[in-house]
Structures are given as structure tokens and as C-alpha cells.
> 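To start, I am sharing the structure in question, which I have written as C-alpha cells.
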Number of protein chains: 2
Amino acid sequence: MVDVAQLAGVSSITVSRTLLTPELVTPATRRMVEKAIKQCGYIPNRVAGSLAANRSRTVAVIVPTISNSLFADTVQGITDLLEAHGYHVFLGTSNYDIKEEESLVSAFLERRADAMVLTGISHSPTTKKLLRNAGIPVVEMWNLTPRPIDMAIGFSNFEAARKMTLFLASRGYRKIGFLGGVTENNDRTRDRERGYLAALAELGIAAVENRIVRTPFDFPMGGTAIAALLSKSPSLDAVFAASDVLAIGAILECNRRGWPVPSKIAIAGMDDSPLGSQLSPKLTTVRIPRYGIGTVVGEHLIERLRGQASSKRIVDLGFEIVEREST
Amino acid sequence: MVDVAQLAGVSSITVSRTLLTPELVTPATRRMVEKAIKQCGYIPNRVAGSLAANRSRTVAVIVPTISNSLFADTVQGITDLLEAHGYHVFLGTSNYDIKEEESLVSAFLERRADAMVLTGISHSPTTKKLLRNAGIPVVEMWNLTPRPIDMAIGFSNFEAARKMTLFLASRGYRKIGFLGGVTENNDRTRDRERGYLAALAELGIAAVENRIVRTPFDFPMGGTAIAALLSKSPSLDAVFAASDVLAIGAILECNRRGWPVPSKIAIAGMDDSPLGSQLSPKLTTVRIPRYGIGTVVGEHLIERLRGQASSKRIVDLGFEIVEREST
DNA sequence: GCGCAAAATGTTAGCGCTATCATTTATGGG
DNA sequence: CCCATAAATGATAGCGCTAACATTTTGCGC
């Protein structure tokens, strides 16, 4: 930077200002400096800048996985908004493990991220403590809680599952099974299971443990799980899967076995992944504002990073049941 | 850090050493310091550390997208290896746009990443210049080139497509269409198209432009594209899709329309995405060492970051044709 | 207990930038 | 043309850490 300054015949602080606050520099000077920067091939050192300014212009986002494209839209939404405001988004994946999440949070805090976005509301006590002490904006997304660390932006996974179960009942299905995720450390899938059970209770249908299967989220497991479910409870007339991945795997397994969907067994999913509408039969599911969560998270962070008190600490973005052919 | 040092009754450099090179500190002192760290809730400032040490213990990885789970395994492979060696992986997505890639490269260089991993071998001239001048290890992955910026680790997309086309011919198919990606800025899909054409030439089959459709990689486009292809060239007996996403979309469309696969039309894909083996019919495809690419990239980077000259600058990890039911 | 090498710890300077305040230069009204 | 004010630029210090070297302590053979 000193080289650039000399070449442009100004002091280094003017170079710094040309980069950070060009409106404070006379256009003529600015052009000189910009020319010198190009000539030197100067690449600003943001590590030094972050240290001096005590801010990194960096926001960390932690999602459980990127193997499943579920969170990709949300990350895109966050990125689109924040990059437009000069922030850089760093992505980490926790593999649905709160210990891994904790170590990511530490890593990002050590690198002085200006804000942090987590997926879900289940975190280790250490994670929560670290974030409360960090004094930076924190968003928990994809689920709601009355007592967020700082902000919660998402939708009620409980209500979504409850409504879908009630919807299945309204279509005449009574023996409704549940294909759930592994609930440990996954509050979204846990709330979805709770929603399913709550709906059954409202309907006066007894919950039966062997109508429930819990399995990791991947396509083959969806197939395995529905086969297991129907062999345990052959009289089921519908299955609600806590994730489209499982629902799709289940439909494909039914196709392979020649079981007609929905006449033998109705299948509903959740998340509205793009593949669902391509299957035969097309998948009934719950649409979630995946990209919207991202943009709203971004907007709130920008507000807070500008020092404004955020308008709302808890934002419910809702969901929508999409009835297609599989129910 | 000064607080920690005082509390532990040592100098700050000892605290630093306890964190960086604990083997240089007496166990007793180490325990004191660790206790003091815990007591203070001290979080090391790696921004300052990076500035002082002139290294960030950070590796940047740029992939085209995370919406398609294709690259997720590779990223996981890189991450698994590098985290084990104390490096942190930062992920960026370029959306198949070399200008976006360029700005990501700048952003990562400004943050002084210790190494950089790019997907593919097509980059803007500025990107290449920046990276050559940066003096850090650079890997281009998922494709090969005789003249990499620094290292290339992947497989020959050309050969993979050529072999698959020849394979289709060996099964008796002669009128083979091609479902390609958008070749602009995507060297992998471009090489795959070239491989398809080279195979046709070897077979003495004339390439026909209306047996080729190029489309963005998503499931619905696979369906649209195969319908378009068969309406333009109804006599096709096979289609080779440059990506499983398209092949899967195509098979689902055939299922919807009641077109039997492979008896009416055979369909082959490439990438071996997990969904392919769940479809009816199961998808014939090319298996690619997705995770393996990641680990090999990681290994080579570690070597280089330790200052060793890398064993090889170009690594061909190969591929494998997986014949299933769709051909 | 002495001397010496090795191990452990400390001192100092400086990484490259920006915040803060100081200074210089332009602007414009009387 | 002067002075008050604003705009533009500069000097200086310091962000929190580690590299490099300096010093002290320990261990050990004799």
C-alpha cells in the first residue's frame, strides 16, 4: 500500500480512503490512486484491515449439510443480499452434529465474523454461551423459538407437520404412518414429529409406535423405510414423510414394487424439493420459503450490522400445503 | 491475551505458544495457561495471528454450485483432510460464471487464503494472473489439462464421454442423441460433448446437430430436453446425457409419457448421483470419484503447504462405466 | 557443585492496515 | 481580500498477535 501511495504521490491513508470511502476523496486524486493500484497489481490485505478496523465484513453461515440441496436456496438468498452490501459469506457444514457446529462457531468467532447464522434452534450450551458473549448479531433460521439466542427467522415445523397430517385426514386417510428423521440434534425433524403426533391426538387417533420409522435423510433410506413400515403395519393407507428426500425415495420404491400411489398408499412429503413435481405420481408436499428465509435473514443482519435495532426478533415466514397427485 | 498471561503469571508469548506449539511449553505451565484461558473465556484472534504470521491457515474452495449435490462430496473430502491438519475451508460458489469466480478469487486473496481450489480449467485471464502472482498452491479439479495454473486433479471428461458413447454403440445403439449442458464457461460439459463427438467420428457415424440439445442442469430441463430431442429426431434409439441430473429428468419424463426405457429409447447419464440407482429403470452412468478427488486435492495441498514440492502436478483419478437398466 | 547444552520462557519489533485527530487547502459571503 | 467554514489530505498510534532473537532455567555428567 505504501508503494501505491508513493506511485500516486499521496499518503497511504488516502489510498485506504479511496478503497473504503471513495466519496471522501477528490475525483482527480481517486483516479491517480486507482491507476497506481492497477499498475502495482496491489491486492489490499483485509486481514490487516480487519484487525485495524475491528470488523471483518464477513458473515458466517452454518447449515447441516450441502449434500441435500435443501439449504442451498437459503444460502443463496443470504449471499445475494449480503454481498450486495459488501459483506462476504463464509459457509460451514455441521453434518447435523452440535459438536461440529460448536467447533465451527469457535472457528468463525476466532476469525472475527461480524455476524453468525445457524440452522435450527438446538445448540450446545457452549455454542450458546459463546454467541451470547460474542456481542454480534446471531440468527437461528429454519425454525422458530420463543427464546432465540438473538433472532429467529423461519417457520413453525410443528405447525407445518400438524397441518399436513390434518390435511391427510381431511382427504379421508385414517391410518397415517410417519417417516421421520433422526431426531437427535435435529429440532426441525423433532418438531415435525411432534406436529404429526399432535394432529393425531386432535383427530382422536391413537399414535402407534410401529407406524413410525426414523431414518437418516437420503433417497435409498426412504425406500427401505416405507417397505419396513408397510411390512410392520400393512393396513396403513397414508404415510407422511418428514422430508421430501424420504418421500421421494418412498415413491420410487413403490414404483419399483408396483404398489400404486396413492391408491394403495398415499405419500406426502415436506420441503417442496424440485424433484417432487417431476415424479409419477407428483408429490404432495409442504412448500417452504427457502430462498425467502435467506433474504429475510440477510435484511435483518444488514439492519443490525448498521447498528439499528432489528425490527423484529422473531419472524414467521409461514408455509403452504401443495396438493399434487400422491395423496 | 495479555489478561490470560497475567492470570497465568506468564508472558503473552507463552500463551501464544501454548495454543500454537504446546510441545514447546512445560506441561505444568501449559495447564496453568489453559486454566486461565478457560477462566477468561479467551477467544484467540486469528485475524491478528494471520497478520503477524503471514498465513491464515485457511484454504478457499470455489465450486460452481451447491444446489446440485455433485460437488458436495468433493468439498467434504477436501474438508475432512484439511481440517485434520488444522486448516479451515472456506467455500464459495460461482454459479458457473467466470466473472463471479474472479471476484471470489479476489475476495479470498484479499483475505490471504493459504491455498486455493477451483473447479474446472476455464477461468478469466485476470483470475489466472492473480493466482500465478499470489504464490500460493492452486488446484484445478474435476478436469485435466496439460497446462494447469499449478496443479490439476480430476479425470478426463472427454475420455469419460467418449467411452460411454462407445459403450452405447457396443450395445447396438446407433442413433445416439446428446443432452448437453451449457458449454459456455463449463469446460467439463464442453469436454463431454467433444468426447461424444469424437466417439461418433470413430464409429463412422455422422454427427447431426438436431440430435444435440444443450440446457441448464436441472431435473425439469432434462424432461423438456428429451421431449424436444425426440420430436426433432423421432428415430433416436439412445440418448447420452452429460449429467445425471438431465438423465434423471429425462427418465422421469419418459415415465410420465409411458415411453419404455430402454426399449423405446435408452438413456445414459454421467456423475453417478445417488438417485440414479433408485429410479425405474436404474440409470446407466459413469461413476466419478467425487469424494476421492477431494481427498487427493487435500493431500496434495497439505504436502505443498508444508513446503514440499508436490509429487505430481497432474493427477488422473479415472472413472468407471456403471451399466444398469436404462441402456 | 560446576560447566555446558538443551529446554523453557521472555523481550522486542513489526505485520498492513484504519481510527483519530491535526493540518492544509478550497469555498464563498461580506 | 479576509475570515469562517467545509472539504481534502496527512501524521501518528495501535489493533492483537507471532517471528526472531535474547535470556533464564533445567538437567546431567563428572
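Letters A, B, ... are given to chains in the order of the sequence lines, protein chains preceding strands, and every chain is numbered from 1.
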> At a heavy-atom distance below 4.0 Å, what parts of residues 6-21 of chain A sit against DNA chain C?
A:Ile13, A:Ser16, A:Leu20
> Output, in order, the C-alpha distance, side-chain angles, deciding distance and verdict of salt bridge (Lys or Arg N to Asp or Glu O under 4.0 Å) for B:Glu102 and B:Lys99.
CA-CA 5 Å; B:Glu102 181 180 315; B:Lys99 274 294 166 195; 3.3 Å; yes
> Provide the closest heavy-atom pair for A:Asp150 versus A:Arg313 in the form atom of the first, atom of the second, distance.
O-NE, 2.8 Å
> For a quick test of reading the model, state the closest non-hydrogen atom pair linking B:Asp114 to B:Pro137 and the distance between them.
O-CD, 3.4 Å
> For A:Val182 and A:Thr189, which heavy atoms make the closest approach, and how far apart are they?
O-CG2, 3.5 Å
> Taking all non-hydrogen atoms of both residues, which atom of B:Met141 and which atom of B:Val297 are closest, and how far apart?
CB-CG2, 4.2 Å
> Remember a base hit wins even if backbone is also touched, and classify B:Asn45 as base, sugar-phosphate or nothing at under 4.0 Å, heavy atoms.
sugar-phosphate
> For A:Gln76 versus B:Asn95, what's the shortest heavy-atom pair and its separation?
NE2-ND2, 3.7 Å
> Describe, in one word, how the ring planes of B:Phe155 and B:Trp142 are oriented to each other, choosing from parallel (under 30°), tilted (30 to 60°) and perpendicular (over 60°).
perpendicular
> Does the side-chain contact (heavy atoms from CB on, under 4.5 Å) test come out yes or no for B:Glu101 and B:Leu118, once each step is laid out?
CA-CA 9 Å; B:Glu101 181 185 69; B:Leu118 306 181; 4.3 Å; yes
> Testing the basics here: between A:Ile43 and B:Arg112, what is the closest heavy-atom pair and its distance to 0.1 Å?
O-NH2, 3.1 Å
> What range of DNA chain C does chain B touch, first nucleotide to last, counting atoms under 4.0 Å from its heavy atoms?
C:dA8 to C:dG16
> In whole angstrom, give the distance that lies between atom CZ of A:Arg30 and atom C1' of D:dT9.
14 Å
> When you compare the protein's N or O atoms with those of nucleotides 5-8 of chain D, which come within less than 3.5 Å of each other, and at what distance?
from: D:dA8; atom 1: O3'; to: A:Thr26; atom 2: OG1; distance (Å): 2.7

> So B:Phe108 and B:Phe90, would you call those rings parallel, tilted or perpendicular, with 30° and 60° as cut-offs?
parallel
